[in-house]
Amino acid sequence: MYKRVLLKISGEALASIDPEGDKNLGIDQKMLEKIAQDAKVVYDQGIEVCLVVGGGNIYRGVHGMARHGMDRTTSDHMGMLATVINGMALQHAVESQGLSCRLMSAIPIPTVGESYIRRRAIRHMERGRVVLFVGGTGIPYFTTDTTAALRASEMNCDLILKATKVQGVYTKDPAYNNDAEFLPHLTYDEVLAKNLKVMDTAAIVLASENHIPIAVFSIYEENGFAKVVNGQGHFSLIS
Ligand code: UDP
């Protein structure tokens, strides 16, 4: 039984794609609702919940740099601000489930949410609030996966849940390779040695050093978050 868990949601999972083509229409409201409902099921089990949200559906630092010749720091700041937009939408969805949810940003935006303070974040969860971490680490050249491992370490979380578009970790990308093998259990070292695209290296190393297991599961799985927390359903565990 876990006391406190962190769920990482990529921006891509929130992307709303035009069915006619690949035009990004912003944030998928249904997916927001699903994530919030799933989080409530876990919360109702008496588990403290915190969330890290990405921003890739809106902006990714490397794209700004590659496509527009922008300097990396500026484009990464844009990416971090994109996570704030997703976070605001997700906060609303979580509160619509009747939960109290605090948005804490690594980039201070006091009129929008609280600035991240570790002790305050812990206090919120102890008082029964869901905490939503946005703004990444607040530092360019990092990712929201690393943010997830960092915040999980700071919050003494028992588990990181990484919601992806596939059911866990595979030997190859299952979207393009029919012979991709599912890996139900693997070590941090295996992920690094085999260069498996689960989370970036910094995130895996942080989770490993702080002995926090990572569960990788599908964002589309019905009640996926609760199933993983209860050791059910389809997921890969890195420990
Ligand atoms: N980012 C950053 N520092 C961080 C976290 C994020 O600079 O600590 C920037 C980076 O440009 C990244 C963007 O924010 O591309 C969005 O985050 P990410 O790509 O991790 O989102 P996701 O892939 O989860 O949607």
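Read the numbers this way: they start at 1 and go in the same order the structure lists the ligands and their atoms.
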Which residue owns the protein heavy atom closest to atom 8 (O) of ligand 1, what's the atom, and how far is it?
Thr137 OG1, 2.5 Å
Nearest non-hydrogen protein atom to atom 2 (C) of ligand 1, with distance, is Phe142 O, 3.1 Å
Return yes when atom CD of Glu222 has more than 12 non-hydrogen atoms of other residues, nucleotides or ligands closer than 6.0 Å, and no otherwise.
no
Side chains of His124 and Ser100: donor-acceptor distance under 3.5 Å anywhere?
no
Do any N or O atoms from the side chain of Lys34 and from the backbone of Glu221 form a donor-acceptor pair under 3.5 angstrom?
yes
closest protein heavy atom to atom 14 (O) of ligand 1 is Gly79 C, 3.1 Å
Does the N or O separation between Gly135 and ligand 1 drop below 3.5 Å for any pair?
no
Is the contact between Val53 and ligand 1 made by the side chain, the backbone, both, or neither, using heavy atoms and a 4.0 Å cut-off?
neither
Under 4.0 Å between a Lys/Arg side-chain N and an Asp/Glu carboxylate O for Lys162 and Asp145?
yes
Should one rank Gly61, Gly56, Gly54, Gly11 by closest heavy-atom distance to atom 12 (C) of ligand 1, which comes out on top?
Gly61
Does ligand 1 have an atom under 4.0 Å from some heavy atom of Lys8?
yes
Report yes if some heavy atom in the side chain of Val49 is under 4.5 Å from a heavy atom in the side chain of Phe225; otherwise report no.
yes
Side-chain H-bond candidate by donor/acceptor type, Thr147 with Thr144, under 3.5 Å:
no
To which protein heavy atom is atom 19 (O) of ligand 1 closest, and what is the distance rounded to 0.1 Å?
Arg60 NH1, 3.0 Å
For ligand 1 and Tyr59, I'd like to know whether there is a polar contact (N/O to N/O, distance under 3.5 Å).
no
Answer with yes or no whether Pro140 contacts ligand 1, where contact means a heavy atom under 4.0 Å from a ligand atom.
yes
Can you check which of Thr144, Val134, Asp76, Thr143 brings a heavy atom nearest to atom 20 (O) of ligand 1?
Thr144
